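Report on the following structure.
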Amino acid sequence: MKHQRLIYLITLVLSITLLLAGCGGKGGTTGQEKGKGEKVLKIGASLSFTGQLSREGNLTKKGYDLWVKKVNEAGGINVNGEKYKVEIVYKDDQSEAQRSAKLTEQMITEEGVNFLLGPYSSGISAATAAIAEKYNKLTIVPLANAPSLYEQGYKNLFGVLPLATTYLNGVLDLAKTLDPNLKKVAIISPDALFSLSVAEGAKKYAEANGFQVVYYDKYPADTKDLSSMITNIKNAGAQILLGTGYLADGVLAVRNAKDLGYKPAIMAFTIATSIPDFRNSLGADAEGIMGGEWWTPNMKWTGDIFGSAEDYAKLYKAEYNEDPAYYSAAASVAGVILQKAIEKAGSLEVDKVRDAMRSLDIQTFWGPIRFNERGVNVGTSSAAVSQIQNGQVVVVWPEELQQSKPLYPKP
Amino acid sequence: MDLQVIINGILLGGLYGLAAVGFSLIWGVMNIVDLAQGAYLTLGAYITFWLFKLWGIDPFLTLPVSALILFGLGFLIESQIIKRVLRYGFVMLLVVTYGLNLLLQNAMLVAWSADYRSVTPAYSGAGLNIGGVNIPYIRLALFIAALLLVGLLTIFLNKTRVGNAIRATALNRLAANLVGIRTEFIYALTYSLAAAVVGMAGSLISMVYTVSPNLGGAFMTKIFVVTVLGGFGSLPGAVLGGLILGITEAFTASYIAPGLMNAVSFILLVVILIFRPQGLMGKQFYGA
Amino acid sequence: MALLEVKNVSRSFGGVQAVNNVSFEVNEGEIVGLIGPNGAGKTTMMNLISGLIKVNEGEIRFQGARLTGLKPHAIAHKGIARTFQIVKPFQGMTVRENVMMGALFRSDLRGLKGSAVKNIVDEALELLELDRRAEAPVEELNLAQRKHLELARAMAMGPKLLLLDEVMAGLNLKEIERLMELVRKLNARGVTILVIEHVMKAVMGLSKRVLVMHHGSLIAQGPPEVITQDPKVIEAYLGKRRHKGLHKEAR
Amino acid sequence: MNNSAVARRRFPLSIVVLLAAVVILAILPFYIRGYWIRVLTTLFMSAVLAEALNLVVGYAGYAAFGNGVFFGLGAYTTAVLMTRFGWSFFPAMIASCFLAATVAFLLGWPVLRLRGHYFAIATIGINMAVMEIVTYVGITGGGKGISLPLFPGDIVKQGLFFYYGMFILLIISVAITYWIANSRLGYGLRAIKTEPEAAEVMGVNTTLYKVLAWSISAAITGIAGSLNAYWLTFLEPLFVFDIMISVEAFVMVLLGGPATIFGPVIGAFFLKLLSELIWSQFTLIHMGVLGLIIVVITLFLPSGIMGLWRQMTLRWNKANTARTSPGSQ
């Protein structure tokens, strides 16, 4: 009885599927030439515009867009004498690795892109890098810097940031100069790829530099209360508190510490301090808190596309009416790297561009760029230290970048 | 034993208890596992945030506003959706409330973005210090407010006509119908009341946690544990369950490993379900 | 040896003693009636025999083997079938599928395909006069038909002992007569039957031997005519007030 | 399957159509490119998860809201065996299948005694507890995730491998469902779903049947997780223990029609294609639209597409019989 009608249903569904697959089959173009004789280079970028990483995803996009604008204003990328305008195909991965993998394959097979600018997170990048590797397409990830990502032996993956492990080294260096009695360090980390990488690096660096790590532990990533950890840290007498989570983790730690009357001499976080929300939501409690900064506008670096770091910041402000965070700067510089490598190779062939990448040695507004055999940028080595003073983020370390003396101890 | 750890746990547990009361009530009276409670909690938190941010209204004074808005929303959802799905049984109810949760959560995301927000009244951060033990005023106030709300609700259920009608309906809907209780109205009322309570819980929670659209999601799992611990439908049970969960978490974080905090509470959930599904306090106020 | 032996069986719920030290036997080929006022513990007794409720004290034996401690499905495999006071048809299946459920899980038959199953089902359907409704969804049956279905399902299990839990409840006189006729027919096919009944007339007409329970205890047993005259039984049913007879009260 | 005579008569035709569908899907990858192969592979995977869930939810009537735990377990077993112990994929996949089934089997005895909400919440609890433990312990890579070895061979081979892998798994899970639906197990489960006590006294070993159904469901889900892990090559606990995996499968089962053989597959195709085509354009409201679909299904299509189909057919047949024999009921 139902069989007969069932088969209609199956046929219907199947034909829809086929139809779609058919459409998909036609859809692909290599995308390198446009109607009016203008050459266009399509670049793929799968980012998180929605989901839990949407904020970072949007900042990354701003950086890419600024680079595209700059390049196209100058006529495009020069490939062996021919100018190619740049066009980025954006896809929203909704902060999901599975979707990002699918979109990456879509961009490669349907849009015909040869070059990919990466997603924000290390976890998602791991999923897309595997696909790009198989298709032999080049990926430049601006912000993903978990060490494990670069231990897979991928030959087509290049990262802009130094490895995450060095993120908070500057804070410890600064602490040594501030007060020789600062010895006891506590490190807390949410249980996630990036955060754990930073925490492990910081622990190793602290121990190597004569600090005593009195508390080191991880907590579930969605924890809403850290009172118990802070209590233990307070009891352990830690003078320096290093937190390696995201924005919410930083806010939570500061609030819990205040609730429990815990006042370390130095409190430093990854990521959180450079996001305005942090200051807005904590108000006066944010005063004196430090953070690692991969890039700030007052750095002395200069390159030929965007000019100096300060020039970049001005341009960014003019475009988006806000100060650039390092996310956007890293994204822009990822574009610059790709541009330079293509121009150096004088070709759009992946193999040639990859070889050019490997031997690249350039100066940019972000700093010197040079890749090691794993694809990690070794041009710059560690992050600067910023501090919130009077509600503003100022660079306090290293000395050559210092905008203001460190506020010590933290009020 | 560190007294501070116990205090931390108790103060946290009060909030967990309050957050679970609405869920427990709906389960006890209507036999529905309402997965949309997380979204109501988030909405309550946002109401407090916006009133505080835009007009500087003291967060505690926003409680009635949260309660009122969520009561209205609860009524609307019960009468338009839940009521119609009741006859399809519990699987459908489970799924439809999850759908509602997704819908509301997404609406909040679109309206207010994923930004983390905080409510920071002037008195946040200050606290009592007794013999080395810190008791933050705000957490103490939240704890007291939570107990007060549960107490009021208990009195309402036990001493008023409507409250008695709700309890009668919980025991046996058919029988309640026969003695002239308009059970359809009681259902709507219970659901709205539960939404209002969890909304107020959200308002209180916004004062200590960062507010974002997925705030409720993190609390939903706690609500499960608390309700199962205390036994569904039991208000004192919810409070007790909250306290047990709060203290368990604090102890795990302090003496075992903070990374296992959630794992321990979920294992507790499964173990309690297997060995004592009626909860630690049993069914105190309502029948099956 | 009796087919079913119940020895000093007790069961309590919380503080309530639902069945208190009850002993009786059912012999092969009998139709035994179990009567008693509401709350006497009749249905609990039935649940104890079929294993849905665990026995606190005492033991139950079937064909000499202990039933106590066995799971309901294992008890069913030994040849005990039952019906439910509130009928429990399997929704979403046809009448035939419902009856087939009885045959499918017999320990003496394996699998679906065998024509044996089909024969058993056909026979049970015919026996309980459901053959014309065999392909109907079970939701379409009226109460009397549903009661027949309960019996048909039980018969498909090929039981040695059949426990009937108030099968007559809710039926009109004509339907009761017809069902009584059927029960006798089943008995004639060699099935021993224990009938729990609130409807006196049915039990009196069916059984040669009647057990009476009150407040969880067995207070009397014997032939129907003797039982109806037993003062303890009359008191149990009617309280202290004397009454002319039971038939009238029970209609 | 109730009208066996009619079914038998039409059986060959439906077999032909089914075979045609299988053949078309089997040769399709040679005509479409990478992305669409990937889309279809995910589609098969969703259908597999829905079909597996159907055994527990549709047939046995147990709301296994946390069934995704077996997906994660399968994924992580494969990942750990391949990276830490150097196993090759197929043995690791088999091990994943066995582990998932064993966990379900062992947990099933205590947990499946719980009814209704209690069971649903217990499965959510198990899902979350396992996720937290996997995140905490070292051997799984914890919160840092774990990278699997890349599939050896080029991208075309890789695409085909996973396409056919999922496709075969789908065929197997449909076949298993078909077999169960027409076996004692299936009848037992359907009986348990409506009248567990009656089923028990009719000789159905209810606990065993439920545990078996859950274990089979877990085994299939575990293989899907295993394949997915090798395909994605990088796992984080949050990816594979996401409660949304179960929820989506739930929606597919309900949309297609619970306790039907092809319902969940149709539900999966429908939902996934809809998602791929229409609402992936509006990503910001993606979740909200899914929520809305859920609400609409429960309100207007409570028995799913197959249920609607059956109702229509029933009405159809009734109208026919009423016309031919006015005397009948």
Side-chain angles (χ1 to χ4, degrees), chain A residues 48-58 94-95 188-192 196 215-235 246-262 272 275-286, chain B residues 2-5 7-9 11-12 15-16 49 53 106 109-110 113-120 122 124-129 132-139 205 207-215 217-219 221-222 246 249-255 257-263 265:
Chain A
S48 312
F49 297 129
T50 54
Q52 64 187 95
L53 299 172
S54 57
R55 185 176 188 82
E56 292 84 353
N58 282 304
Q94 297 171 28
S95 313
I188 55 172
S189 163
D191 206 342
L196 286 172
Y215 189 92
Y216 177 85
D217 221 330
K218 58 184 179 179
Y219 54 87
D222 66 339
T223 300
K224 295 288 171 199
D225 194 272
L226 295 171
S227 306
S228 302
M229 287 182 97
I230 302 281
T231 304
N232 282 356
I233 291 167
K234 191 184 171 194
N235 292 345
Y246 296 86
L247 176 64
D249 301 276
V251 174
L252 193 59
V254 174
R255 286 185 132 199
N256 285 176
K258 190 179 179 195
D259 283 350
L260 295 163
Y262 171 53
I275 299 178
D277 286 20
F278 185 74
R279 282 161 274 155
N280 297 344
S281 86
L282 289 170
D285 297 337
Chain B
D2 192 333
L3 193 60
Q4 181 75 58
V5 172
I7 298 283
N8 290 346
L11 293 179
L12 190 61
L15 278 187
Y16 286 167
F49 170 78
K53 164 119 195 227
N106 197 243
L109 177 76
V110 172
S113 85
D115 290 2
Y116 293 105
R117 327 262 189 172
S118 307
V119 180
T120 43
S124 77
L128 283 169
N129 190 315
V133 176
N134 269 291
I135 304 175
Y137 286 135
I138 200 155
R139 292 204 170 212
I205 283 164
M207 289 182 243
V208 279
Y209 297 130
T210 42
V211 182
S212 67
N214 60 12
L215 174 72
F219 267 91
T221 49
K222 310 277 182 209
E249 283 192 358
F251 266 68
T252 312
S254 293
Y255 301 115
L260 284 174
M261 213 155 75
N262 291 346
S265 62

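Note that this is a predicted model, so its numbers are computed, not measured. Chain naming here is simple, since letters A, B, ... match the order of the sequence lines and numbering starts at 1 in each.
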Contacting region of A/Tyr215 [heavy-atom separation from chain B under 4.5 Å]:
side chain

Taking A/Asn256 for its side chain and A/Ser227 for its backbone only, find out whether a donor-acceptor pair lies under 3.5 Å.
yes

Per-residue contact mode, B/Val119 against chain A (heavy atom under 4.5 angstrom):
backbone

Is a side-chain N or O of B/Arg139 found less than 3.5 angstrom from the main chain of B/Leu12, in a donor-acceptor match?
no

Consider only side-chain N and O atoms of B/Asn134 and A/Tyr262, and report whether a donor and an acceptor are under 3.5 Å apart.
no

Relative to chain B, which segment of A/Ser189 carries a heavy atom at a distance below 4.5 Å: side chain, backbone, both, or neither?
neither

Whether B/Ser254 side chain and B/Phe251 backbone form a donor-acceptor pair below 3.5 Å:
no

Is chain B contacted by the side chain of A/Asp225, its backbone, both, or neither, given a heavy-atom distance below 4.5 Å?
both

Side-chain touch A/Leu196/A/Asp191, heavy atoms, less than 4.5 angstrom:
yes

Chain B contact via A/Thr231 - side chain, backbone, both or neither, heavy atoms under 4.5 Å
side chain

For B/Phe219 and B/Tyr16, take the angle between the two ring planes, folded into 0 to 90°, and tell me which bin it lands in: parallel under 30, tilted 30 to 60, perpendicular over 60.
perpendicular

Looking only at heavy atoms and a cut-off of under 4.5 Å, which of B/Ala263, B/Ala218, B/Ala257, B/Gly259 has the most pairs with chain A?
B/Gly259

Residue selection (most heavy-atom pairs with chain B, distance under 4.5 Å) from A/Lys258, A/Lys218, A/Lys224:
A/Lys224

Using side-chain heavy atoms (C-beta onward) and a distance below 4.5 Å, is A/Leu282 in contact with A/Arg255?
yes

Heavy-atom cut-off 4.5 Å, strictly under: side chain, backbone, both or neither for A/Leu260 against chain B?
both

So, the part of B/Asn8 with a heavy atom under 4.5 Å from chain A: the answer is side chain

Measure A/Asn232 against the heavy atoms of chain B and call it side chain, backbone, both or neither at under 4.5 Å.
side chain

